[in-house]
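What follows is a single structure, written as structure tokens, with notes after it.
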Amino acid sequence: MSFEQVGKQFVEHYYQTFDSQRANLGALYSAESMLSYEGEQFLGSASIMEKLNQLPSVQHKIITFDAQPSFNNAIIAFVSGDLVIDGS
């Protein structure tokens, strides 16, 4: 499977989970994971999930997706799209 396919599957899984079962995202983060959101940083799965669970209901609509391979077999995903917040 190519890095593009892996990246695309991950992005689709992440946003589908975020939109429908947000609490299940915690398994995708580790103690070293960091989320930057509107100038704030959240370190670790518990801190990230606390922030994500405070956000309103969101539906993500992916418009573009690009992936690049990175060192140590990592993949960097670039996603742009639209958000529907609280149904509006």
Side-chain angles (χ1 to χ4, degrees):
M1 187 177 293
S2 73
F3 69 87
E4 290 103 342
Q5 292 169 316
V6 172
K8 185 174 182 185
Q9 285 183 1
F10 175 81
V11 166
E12 288 172 352
H13 171 72
Y14 183 88
Y15 288 114
Q16 287 173 358
T17 303
F18 192 109
D19 294 351
S20 63
Q21 299 172 340
R22 192 179 305 179
N24 292 341
L25 289 175
L28 300 177
Y29 295 104
S30 71
E32 296 83 27
S33 296
M34 178 170 277
L35 169 70
S36 295
Y37 185 86
E38 295 184 342
E40 293 183 88
Q41 286 76 41
F42 304 90
L43 179 63
S45 180
S47 178
I48 291 169
M49 289 308 301
E50 182 178 344
K51 179 60 180 177
L52 293 181
N53 286 324
Q54 293 173 357
L55 299 176
S57 171
V58 177
Q59 293 295 307
H60 295 84
K61 295 181 182 179
I62 298 170
I63 304 296
T64 65
F65 165 79
D66 292 295
Q68 293 182 348
S70 185
F71 66 96
N72 292 331
N73 293 319
I75 299 169
I76 299 173
F78 300 90
V79 181
S80 67
D82 296 325
L83 298 175
V84 177
I85 300 172
D86 285 334
S88 55

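In this text, all values refer to a predicted model and were calculated from it rather than measured experimentally.
Expressed to the nearest 0.5 Å, how far CG of Leu35 lies from CD of Gln41 amounts to 9.0 Å. Taking CD from Gln9 and CE from Met1, the interatomic distance works out to 4.0 Å, rounded to the nearest 0.5 Å.
Taking hydrophobic clusters as Ile, Leu, Val, Met, Phe, Trp and Tyr residues chained together by side-chain heavy-atom distances below 4.5 Å, Phe3 does not share a cluster with Val79. Linking ILVMFWY residues whenever their side-chain heavy atoms come closer than 4.5 Å, directly or via other members, places Val11 and Tyr37 in the same cluster. In terms of hydrophobic clustering, with Ile, Leu, Val, Met, Phe, Trp and Tyr side chains grouped at heavy-atom distances under 4.5 Å, Leu28 and Leu55 are assigned to a common cluster. In the hydrophobic cluster analysis, where Ile, Leu, Val, Met, Phe, Trp and Tyr join through side-chain heavy atoms closer than 4.5 angstrom, Ile63 is grouped apart from Val58. Tyr15 and Ile48 fall within a single hydrophobic cluster, where Ile, Leu, Val, Met, Phe, Trp and Tyr side chains are chained together by heavy-atom contacts under 4.5 Å.
Applying the side chain to side chain donor-acceptor pair (under 3.5 Å) definition to pairs two or more places apart or across chains, those involving residues 23-36 are Tyr14-Tyr29, Gln21-Asn24, Ser30-Glu32, Ser30-Ser33. Sorted by first then second residue, the side chain to side chain donor-acceptor pair (under 3.5 Å) pairs that include residues 58-68, not counting sequence neighbours, are Asp19-His60, Thr64-Ser80.
Residues Ser45 and Gly26 come closest through the heavy atom pair OG-O, 3.2 Å. Glu4 approaches Phe65 most closely through the heavy-atom pair O-CE2, 3.8 Å. Nearest heavy-atom pair across Ile75 and Ala67 is CG2-CB, 4.0 Å.
By the 6.0 Å contact criterion, CG on Asp86 is enclosed, its count of non-hydrogen atoms from other residues, nucleotides or ligands being greater than 12.
Applying side chain to side chain contact (heavy atoms under 4.5 Å, CB included) to Leu52 and the options Glu50, Gln54, Met49 leaves one that passes, Met49.
Hydrophobic clustering, defined by side-chain heavy atoms of Ile, Leu, Val, Met, Phe, Trp and Tyr closer than 4.5 Å, groups Ile76 together with Phe78.
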